[in-house]
Every structure is written in structure tokens, then in C-alpha cells.
Amino acid sequence: MVDNGFSIKETDKRLQRLGVSGHDISAILVTHEHADHLGGVARFAKRYDIPVWASHGTATMMDNVESLHCFNSHKRFELGAITVDPVLVPHDAREPTQFVFQSADFKFGIMTDTGSITEHMVDALSGCHGLLLECNYDRDMLLNGHYPPSLKQRVAGDWGHLDNQQSAELLQRIDTDDLQHLVLAHISEKNNTRDLVLDTVSQAISYDRAWLKVIDQDQGLDWCTLTIEINEQETSHA
Ligand SMILES: [Zn+2]
Ligand SMILES: [Zn+2]
């Protein structure tokens, strides 16, 4: 599990919908200390006796987690059969990291809560089979909306969040040839719409709107399955 901003009850409900329970979770990785990511971690970890992993900076903001493990945010580490590459991001937290996970066959990246695009991010996310990417806000909606000026500055700043255009630019810069699922996430309820996200991303990278997935904050998302693609040559030999 990556992050948890929900109550135990809400988390249980969402996991149940996917056919799993808290007992099936072997580790929780925390990206950073903002409440929508960390708020539910300690109580859920305690309830199901799950170890928690975070960068040293994020860990300084967590005093109520029993089984807490720190990783070096510049170093790859292993969690069971999964290799985890933390990806440091520019965001207004102590030591925020997003993640790239690799198994024998697949590479899956998660990238939310970053105010700018870095070369490091582009390198790390290239070649993913699955990618969950933040499309936080539409710039016009944010600037013309009702957020106080300081909050507008925070969100739109270099240590805030990616807007639809920046996310589209990031997608243009990474190698997406192997991408089987692209999930657009962390979408602002006040400063964005599903249609704006789909329009911007599909136009920028010439993807069919129907192929893109947008996470709804209330409904979440169903399982996405990655499959091993056998190339034509191998098939004809077989
Ligand atoms: Zn967030
Ligand atoms: Zn955040």
C-alpha cells in the first residue's frame, strides 16, 4: 500500500471492494507527511500490524508508528519480490519521494505531489508498464477560482503540484512505448474537471480518451492488470 489518508473503516470498505483486506497488506510506503497521504497510516498499520516505510525526512514527522523502517531516498531497496526505487520530488514537505516498483516482468510508477518536472523524474518513469500520474489542477480554474492567493501560489509553485499541462509535458518526455495502463490521479475537486484532464492529456500524447483512466476521489479505481506481451516473432516460432 502506498499512503493512506482514510479512516480504518473507509480503507476497509475500499479494500473490500477490490477483494482484499488489511491482512493482505505486507507493507505501507509513505510518500510524504501531508495529511491526505499520512493521515490514516498509523492507525491502519496498528490495526493490521503492518510495517511502514518512509524516507528519513518523512519519518521525522511520524511519531506514532510502531514498526517504522527508513529507506535512503537515493537508494534502491527490496520489499519481498519487489524492487523499490524512491524518486525524490520537488514538493513542500520534509523529504518527499514518489516510487517506481519493479518485479521480474513489470515496471510500475507512481508520481503525485510534485511542483515541477526534473530530469531524474523523466529517467525514473521511462519504460513503465503502468503509471499513476498526478493531474492536479487546471491553471485557469486555479487562478480564477476561490482559493486565497497564498494557497494559489503554493499549489502552482515549483514545490506544489503538477497542472494538466505539466503532466502532459512529462508524458511527452518519458518513454511510454511499454505503457499498458495510464491512471490520472490526485485531481483537485475545486480546480479541475475530468474532461479537462482527459482533453489535455489525450491531445498532448495522442492517446484515445477512452483508453485513459481518471481516478475519482470517492469511487477510487478498479484493479488494473498488467500482462506480458509476447512479440509477433516469438508467437510465429511457437
Ligand atoms: Zn497530496
Ligand atoms: Zn503533498
Side-chain angles (χ1 to χ4, degrees), residues 1-7 10-11 14 28-45 52-65 68 70-71 73 84 86-101 108-118 120-121 124-125 131-139 141-142 145-168 170-171 182-194 196-197 201 213-221:
M1 174 181 278
V2 176
D3 294 340
N4 186 339
F6 297 118
S7 65
E10 181 65 22
T11 310
R14 287 171 180 245
I28 304 176
L29 288 93
V30 182
T31 59
H32 64 300
E33 68 271 22
H34 291 161
D36 52 328
H37 300 264
L38 179 62
V41 169
R43 54 191 176 223
F44 194 75
V52 175
W53 295 80
S55 69
H56 288 86
T58 303
T60 63
M61 307 299 282
M62 301 160 71
D63 53 7
N64 47 1
V65 171
L68 178 59
C70 287
F71 55 76
S73 37
V84 186
V87 185
L88 275 162
V89 289
H91 188 57
D92 52 1
R94 289 291 177 100
E95 192 183 352
T97 56
Q98 296 295 318
F99 299 108
V100 171
F101 302 102
F108 171 61
I110 291 185
M111 180 56 61
T112 70
D113 297 76
T114 178
S116 344
I117 301 168
T118 65
H120 179 45
M121 281 161 56
L125 297 177
L131 176 60
L132 182 147
L133 176 65
E134 163 170 84
C135 281
N136 185 253
Y137 65 99
D138 170 76
R139 196 160 285 271
M141 278 184 79
L142 175 74
H146 297 297
Y147 275 14
S150 61
L151 186 53
K152 286 182 185 180
Q153 260 172 30
R154 202 221 121 204
V155 172
D158 288 345
W159 288 270
H161 291 275
L162 293 181
D163 74 6
N164 298 342
Q165 212 66 52
Q166 286 173 297
S167 303
L170 176 58
L171 286 166
L182 175 58
V183 176
L184 305 168
H186 211 298
I187 292 157
S188 168
E189 287 182 322
K190 299 220 161 60
N191 302 308
N192 213 346
T193 68
R194 188 186 165 83
L196 282 169
V197 169
V201 171
K213 296 179 177 68
V214 179
I215 295 196
D216 177 283
Q217 287 201 18
D218 295 324
Q219 299 302 314
L221 191 74

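Nothing here was measured: the structure is a model prediction, and the numbers come from that model. Counting starts at 1 for both ligands and their atoms, in listed order.
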>> Tell me every residue that passes side-chain contact (heavy atoms from CB on, under 4.5 Å) with Pro149, counting only those two or more places apart in sequence or in another chain.
In response: none
> What residues form a ring pair (Phe, Tyr, Trp, His ring centres under 6.0 Å) with Tyr147, not counting sequence neighbours?
Replying inline: none
> In the protein, how many N/O/S atoms are under 2.8 Å from the Zn ion (ligand 1)?
Replying inline: 4
> Using 30° and 60° as the class limits, which term best fits the ring planes of His37 and His186: parallel, tilted or perpendicular?
Replying inline: parallel
> Hey, what do you get for CG (Asn164) to OG (Ser188), rounding to the nearest 0.5 Å?
Replying inline: 10.0 Å
> Can a donor-acceptor pair be found between the side chains of Glu134 and His161 at a distance below 3.5 Å?
Replying inline: yes
>> Checking Phe108 now: which residues fulfil ring pair (Phe, Tyr, Trp, His ring centres under 6.0 Å) with it, not counting sequence neighbours?
In response: none
